[in-house]
Amino acid sequence: MTRLSEEEIARQLSMMPNWKRKDSKWIERRYRFKEYLDGIAFVNKLASLSEEVNHHPFITIQYKMVIVSLTSWSENGLTGLDFELARQIDDLYLPDHY
């Protein structure tokens, strides 16, 4: 997978309003949960998904908030894989929160 252009990154982010650019190499989203253990269950689902696609985000747990950051180390920036995984992570979150 090759690194995306700035224009493509902006286009992808325009379709994913909950994800934000962090530095030039990262995208990030914060997920809120009603209970601490709901966030932990989400992280477990996210970890399984990450293993399936062999693309692993940085995950930070702050009590009832889970922060997910994505980049592609092999390309030194953002690729289509980062945005595809971001969409899949959003899909994991949606059934329980909307």
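Please read all numbers here as calculations on a predicted model, not as lab measurements.
Going from atom CG of N54 over to atom CG of L85 covers 11.0 Å, rounded to the nearest 0.5 Å. How far CG of D91 is from NZ of K45: 12.0 Å, rounded to the nearest 0.5 Å. Taking OG of S72 as the start and CG of L81 as the end, the distance is 5.5 Å to the nearest 0.5 Å. Rounding to the nearest 0.5 angstrom, the gap separating the CD atom in E52 from the CD atom in Q88 is 8.5 Å. Between E28 atom CD and R21 atom CZ the span is 13.0 Å, to the nearest 0.5 Å. With rounding to the nearest 0.5 Å, the separation of NZ in K22 from CG in L70 is 11.5 Å.
In this model, no donor atom of one side chain and acceptor atom of the other lie less than 3.5 Å apart for N18 and Y31. Between H55 and E84, the side chains place no donor N or O within less than 3.5 Å of an acceptor N or O (distance only, hydrogens not considered).
The two atoms that bring M16 and A86 nearest to each other are CE-CB, 3.3 Å, heavy atoms only. The two atoms that bring D82 and L78 nearest to each other are OD2-CA, 3.3 Å, heavy atoms only. The shortest non-hydrogen separation linking I89 to L46 is CG2-CD1, 3.8 Å.
Using a 4.0 Å cut-off between charged nitrogen and carboxylate oxygen, E75 and R3 do not count as a salt-bridge pair. A salt bridge between E6 and R11 is absent, with no side-chain N of the basic residue lying under 4.0 Å from a carboxylate O of the acidic one.
Note: the hydrophobic cluster containing L49 does not contain M1 (ILVMFWY, side chain heavy atoms under 4.5 Å, direct or indirect links). When hydrophobic clusters are built by joining Ile, Leu, Val, Met, Phe, Trp and Tyr residues whose side-chain heavy atoms come closer than 4.5 Å, directly or via intermediates, F42 is grouped together with Y36. Linking Ile, Leu, Val, Met, Phe, Trp and Tyr residues whenever their side-chain heavy atoms come within less than 4.5 Å leaves Y63 and I67 in two separate clusters. The same ILVMFWY cluster, assembled from side-chain heavy atoms under 4.5 Å apart, contains both L92 and I59.
The list of ring pair (Phe, Tyr, Trp, His ring centres under 6.0 Å) pairs with a residue in residues 7-30, not counting sequence neighbours, reads W26-F58, W26-W73.
Aromatic ring centres of Y93 and F33 lie closer together than 6.0 Å.
By the salt bridge (Lys or Arg N to Asp or Glu O under 4.0 Å) test, K64 is found to be paired with no residue, residues two or more places apart in sequence or in another chain being considered.
Using a 4.5 Å heavy-atom threshold, the side chains of R30 and V68 count as separate. The closest side-chain heavy-atom distance from T60 to Q62 is below 4.5 Å.
Put simply, the side chain of T71 gets close to the backbone of K25: a donor and an acceptor are under 3.5 Å apart.
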